[in-house]
Amino acid sequence: MDIIANFINGQYHAPLGENYLDNIEPATGLVYGKIPDSEKADVELAVAAAKKALPAWQAMPLEQRADMLSAIAQEIEARNDELAMAEAIDNGKPVALARIVDIPRAASNFKFFAHACSQFASESHAIAGTAINYTLRQPVGIVGCISPWNLPLYLFTWKIAPALAAGNCVIAKPSEVTPKTAALLGEICQKAGLPAGVLNILHGSGAKVGQAICQHQEIKAISFTGGTTTGAQIAQLLAPTFKKISLELGGKNPALIFADCDFDNTIEQVFRASFANQGQICLCASRLYIERPIYEKFKQALVDKAKALQPNDPLLDDSQMGALVSKSHLEKVLGYIELAKAEGGKVLAGGKQVNLAGRCQKGYFLQPTIIENLDNQAQCNQEEIFGPVITLQPFDTDEEALTLANDSNYGLAATIWTNHLGRAHQLAETLNTGIVWINCWLLRDLRTPFGGMNHSGLGREGGHEAMRFFTESKNVCVKY
Ligand code: TXE
């Protein structure tokens, strides 16, 4: 049995209440470990450690701080295979995907912010002949980082790295569904020489320890990625406290596919955008709008590819599709497929749970699923399903495509597939999303602003946006 501990003040500690939650392997449906069911008292311990560590961490020369973040990146790279395997067991994602995406990206997050902190500068504003203003950007202090289960180490470090780079001490909580690689990050920080108390990692449920982190008076900012409903609860909880808050929430992302696209490349990329990580990426395409002249051909090509993609044991090197993250999540996604049928949808491919033989016979596997014939206002076109389920709709004009795409409460990411440059730029300008990819998907440059509008969140992560979030700006005015 794999028993995880909290990482507080540079050491591993059992939860003070000695309560644990089960950790389940999605591919087998079996309990394989225990994780701390931490509570308020554990948060107090972590905050005390962070408070003690804060003055020295803030006073540390920038180069030395950056070197430490680089050392963490190197250690993650050195343990790539082990971390990828841990991620695949914990999350159900294909180990090959974790090896080339999740873990290298976690290392890149530290590498990137090790550099970003040395490039981060602030403004000055002169009042000619009279005075000069300059802006100081100072660390917020102790900050909370709360992350979800879909890209566990990747999204955990996407918050922690800029928070540390900006000179804060961090209380971080990974999802209780996928705690393993976050737990290993403690060892990595020990090895890299990160001073005790600078990063503290607490495990447990959102309702208990997550909420206690949000409510702690000495934690001055909360960076959260997860579901929109949870984001709304946290925003409500924090409103009277005036803490800084960053919310990266769900998406219902449109893909606009035009008849003049590069057909073969578009099929490949849109298929990946739909089903990568079992469709459990907030950026995955889920509403596909296809221009009528190529609708039937594109649909058939997608269906053929979906039928050829069979989920299997994520720990096998050649697995391209693993298990959904949990039983309750599988049931939620299956529920949406039933709802789609009730809403008049036609299932063109998939739609069913997959029962594998052998060690994975109780795993949470689902066929890649394609549905057509749903109204744009159908619940399955308006609510985030967060699984390997896409819907198809034809359109006739650019205006119609834009109207359908923007007909959503969400606003995270959109993709446009066309060789008409003017159309692509014009649509990019008018789509209500925080991110637009043209003829590509998930091509990431860590310097760019990352996040969504409307129900997809508040604020942006990435590059200097993250450095700004994790600092307070103070204007100093000097009269001549
Ligand atoms: O998210 P939660 P879950 C979406 C997706 C999914 C849904 C629920 O639609 O089906 O969210 O997933 C912590 N105070 N996304 O259940 O519950 C929780 O412990 C403080 C989109 O994982 O929002 C976990 O660490 N913290 C998303 C984190 O918040 C709380 C990726 C996220 O949990 C809390 C994942 C509380 N009251 C799911 N309640 C994306 N956009 O990337 C929970 N938490």
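Counting starts at 1 for both ligands and their atoms, following the listed order.
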(request) Report the nearest protein non-hydrogen atom to atom 1 (O) of ligand 1: residue, atom name, distance rounded to 0.1 Å. (result) G227 N, 3.8 Å
(request) Pick out which of N23, D2, D22 makes a side chain to side chain donor-acceptor pair (under 3.5 Å) with K34. (result) D22
(message) I need the contact type for Q280 against ligand 1. Using non-hydrogen atoms and a strict under-4.0 Å cut-off, is it side chain, backbone, both or neither?
(response) neither
(request) Output the distance between atom CG (L69) and atom CG (N109), rounded to the nearest 0.5 Å. (result) 11.0 Å
(message) To check your reading of the model: name the closest protein heavy atom to atom 29 (O) of ligand 1, its residue, and the distance in Å.
(response) F224 CE1, 3.1 Å
(request) For atom 18 (C) of ligand 1, find the nearest protein heavy atom and state the residue, atom name and distance (0.1 Å precision). (result) E176 OE1, 3.6 Å
(message) Counting neighbours of NZ on K346 that are heavy atoms of other residues, nucleotides or ligands and sit closer than 6.0 Å, is the number greater than 12?
(response) no
(request) Verify the distance criterion only: is there a donor paired with an acceptor across the side chains of D90 and T178 at less than 3.5 Å? (result) no
(message) Within the supplied structure, the quantity of interest is the number of heavy atoms (other residues, nucleotides, ligands) at a distance under 6.0 Å from R444 CZ; does it exceed 12?
(response) yes
(request) Report, in ascending order of atom number, the atoms of ligand 1 lying under 4.0 Å from any heavy atom of I234. (result) 14 (N), 20 (C), 26 (N)
(message) I want to know whether F386 and W149 have ring centres closer than 6.0 Å.
(response) yes
(request) Please say whether W149 places an N or O atom under 3.5 Å from an N or O atom belonging to ligand 1. (result) yes
(request) Look at E87 together with K180 and state whether they make a salt bridge at an N to O cut-off of under 4.0 Å. (result) no
(request) Would you check the N or O atoms of K332, main chain and side chain alike, for any that come under 3.5 Å of an N or O of ligand 1? (result) yes
(request) Below 4.0 angstrom from a heavy atom of T225, which ligand 1 atoms are there? Numbered from 1 as shown, please. (result) 32 (C), 40 (C), 42 (O)
(message) Among all protein heavy atoms in this structure, tell me which lies nearest to atom 24 (C) of ligand 1, with the distance rounded to 0.1 Å.
(response) S147 O, 3.4 Å
(request) Give a yes/no on ligand 1: does N150 have at least one heavy atom closer than 4.0 angstrom to it? (result) yes
(message) Starting from atom 20 (C) of ligand 1, what is the nearest protein heavy atom, named by residue and atom, and what distance separates them?
(response) G210 C, 3.3 Å
(request) Please could you name the atoms of ligand 1 that P174 approaches to less than 4.0 Å, counting only its heavy atoms? (result) 25 (O)
(request) Look at atom 8 (C) of ligand 1 and say whether a protein heavy atom is found at less than 4.0 angstrom from it. (result) no
(message) Using 0.5 Å steps for rounding, measure from the NZ atom of K208 to the CG atom of L202.
(response) 13.0 Å
(message) Given C145, A172, G206, identify the one with the heavy atom nearest to atom 36 (C) of ligand 1.
(response) G206
(request) Return a yes/no value: protein heavy atom under 4.0 Å from atom 33 (O) of ligand 1? (result) no
(request) First locate atom CD1 of I257, then atom OG1 of T415, and finally report the distance between them rounded to the nearest 0.5 Å. (result) 6.5 Å
(message) Show the atoms of ligand 1 that are less than 4.0 angstrom away from any heavy atom in C282.
(response) 40 (C), 41 (N), 42 (O)
(request) Would you give the length of the straight line joining atom CG of L237 to atom CD of Q211, rounded to the nearest 0.5 angstrom? (result) 5.0 Å
(message) At less than 4.0 angstrom from any non-hydrogen atom of H329, what atoms of ligand 1 do you find?
(response) 10 (O)
(request) Could you check atom 23 (O) of ligand 1 against the protein and tell me its nearest heavy-atom contact, residue, atom and distance included? (result) T230 OG1, 2.7 Å
(message) Taking distance alone, with N or O pairs closer than 3.5 Å, would you say F386 contacts ligand 1?
(response) no
(request) Look at atom CD of Q320 and say whether more than 12 heavy atoms of other residues, nucleotides or ligands are closer to it than 6.0 Å. (result) no
(request) Provide, to 0.1 Å, the distance between atom 13 (C) of ligand 1 and the closest protein heavy atom, together with that atom's residue and name. (result) I146 CG2, 3.7 Å
(message) Would G231 count as a contact residue for ligand 1, given that I'm defining contact as a non-hydrogen atom of the residue lying under 4.0 Å from a ligand atom?
(response) no
(message) Check the orientation of Y12 and F7. Use parallel for under 30°, tilted for 30 to 60°, and perpendicular for over 60°.
(response) tilted
(request) Check the surroundings of atom NZ in K40: do more than 12 heavy atoms from other residues, nucleotides or ligands lie under 6.0 Å from it? (result) no
(request) Quick one: look up the protein heavy atom nearest atom 35 (C) of ligand 1 and list residue, atom name and how far away it is. (result) P148 CB, 3.3 Å
(message) Closer than 4.0 Å to some heavy atom of G226 - which atoms of ligand 1 meet that?
(response) 15 (N), 21 (C), 23 (O), 27 (C), 32 (C), 41 (N)
(request) Identify the heavy atoms of I371 and G345 that sit nearest to each other, and give their distance. (result) CG2-CA, 4.0 Å
(request) Using a strict cut-off of 4.0 Å, indicate which atoms of ligand 1 neighbour a heavy atom of Q211. (result) 14 (N), 20 (C), 37 (N)
